[in-house]
Amino acid sequence: MSALDDLDRRLISLLRANGREPVITLARRLGVTRATVDSRLRRLTDNGTIVGFSVRVRDPAEASTVRALMMVAVEGRNTDGVIRSLRGIPEIAALHTTNGRWDLVAEIICDSLAAFDATLGTVRGIDGIRDSETSILLSSATA
């Protein structure tokens, strides 16, 4: 993968917002020719920078879903046991190790606030968890 210049980054940003944007519109918005956009797209896909184009579909049930990120600090060397316990909670959609103040980051997805509250209680009751901080995701910003 070769280094990206400013035009590459701006093109990728426009495609992230709308992967179906017509090439002529991309060229106009970038202030370059259609041929330039075509060649950039070809180069970016050929070198593996762009690996594909997709369609995002809104899930109607998503509007009522509660999504959150929970940062978890583990006591001592209990990380493996805490990870095993967290993996057993179906509302935890993803779990990541990290560095810094927090040892783990968990993505939580629940059907309701009541289910979210119950999940928080379950997680906080796991032996080996010293501290946690949770942020509810309110809306998504497109990159």
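Below, each value reflects all heavy atoms present in this structure, side chains not excepted, and no hydrogens, waters or symmetry copies. As the structure is a prediction and not an experimental result, all values here were calculated from the model.
Put simply, CG on N18 and OG1 on T25 are 9.0 Å apart, with the number rounded to the nearest 0.5 Å. Here R9 contributes atom CZ and T49 contributes atom OG1; the two are 11.0 Å apart, rounded to the nearest 0.5 Å. Taken to the nearest 0.5 Å, the CZ atom of F116 stands 5.5 Å off from the OG1 atom of T134. The distance from atom SG of C110 to atom CG of D117, rounded to the nearest 0.5 Å, is 9.5 Å.
Remark: D80 pairs with no residue by the side-chain hydrogen bond (donor to acceptor under 3.5 Å, both in side chains) rule, at least two apart or across chains. Judged as a side chain to side chain contact (heavy atoms under 4.5 Å, CB included), and not counting sequence neighbours, the contacts of L14 are L26, R29, L30. Every residue meeting the side chain to side chain contact (heavy atoms under 4.5 Å, CB included) condition with A35, not counting sequence neighbours, appears here in chain and number order: T33. Judged as a side chain to side chain contact (heavy atoms under 4.5 Å, CB included), and not counting sequence neighbours, the contacts of T122 are I89. Legend: residues meeting side-chain hydrogen bond (donor to acceptor under 3.5 Å, both in side chains) with D127, ordered by chain and number and at least two apart, are absent. By the side chain to side chain contact (heavy atoms under 4.5 Å, CB included) test, A73 pairs with W102, D103, R130, D131, sequence neighbours left out. For E107, the side-chain hydrogen bond (donor to acceptor under 3.5 Å, both in side chains) criterion is met by R67, not counting sequence neighbours.
What you find for V37 and A27 is that their closest heavy atoms are CG2-CA, 3.6 Å. Here the shortest heavy-atom pairing between S112 and V66 reads C-CG2, 3.7 Å.
With L11 as the partner, the side-chain contact (heavy atoms from CB on, under 4.5 Å) test is satisfied by one option alone out of R16, E21, R40: R40.
With a 4.5 Å cut-off on side-chain heavy atoms, L15 and I50 count as touching.
L44 and V23 fall within the same hydrophobic cluster, where Ile, Leu, Val, Met, Phe, Trp and Tyr residues are linked whenever their side-chain heavy atoms come under 4.5 Å apart, directly or through other members. In the hydrophobic clustering of this structure, V51 does not group with F53; members are Ile, Leu, Val, Met, Phe, Trp, Tyr whose side-chain heavy atoms approach within less than 4.5 Å, directly or through other members. In terms of hydrophobic clustering, with Ile, Leu, Val, Met, Phe, Trp and Tyr side chains grouped at heavy-atom distances under 4.5 Å, M71 and I126 are assigned to different clusters. In the hydrophobic clustering of ILVMFWY residues, with side-chain heavy atoms under 4.5 Å counting as a link, V123 and L137 come out apart. No chain of hydrophobic side-chain contacts below 4.5 Å, direct or via other Ile, Leu, Val, Met, Phe, Trp or Tyr residues, connects L113 to L69.
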Quiz item: For L4 and I12, what are the C-alpha separation, side-chain angles and deciding distance, and is it a side chain to side chain contact (heavy atoms under 4.5 Å, CB included)?
Solution: CA-CA 10 Å; L4 301 178; I12 290 169; 4.0 Å; yes
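Comment: D38 does not engage R43 in a salt bridge, judged by the lack of any side-chain N to carboxylate O separation of less than 4.0 angstrom.
Checking side-chain atoms of T36 against main-chain N and O of V32 turns up no donor-acceptor pair under 3.5 Å. Looking at T45, its side chain does come within 3.5 Å of a backbone N or O of L41 through a donor-acceptor pair. Here the side chain of N78 pairs a donor or acceptor atom with the backbone of E75 at under 3.5 angstrom. Formation of a donor-acceptor pair under 3.5 Å by the D5 side chain with backbone atoms of D8 is found in this model.
Residue pairs meeting the salt bridge (charged side-chain N to carboxylate O under 4.0 Å, His left out) criterion with at least one partner in residues 84-98, sequence neighbours excluded, do not occur; the list is empty.
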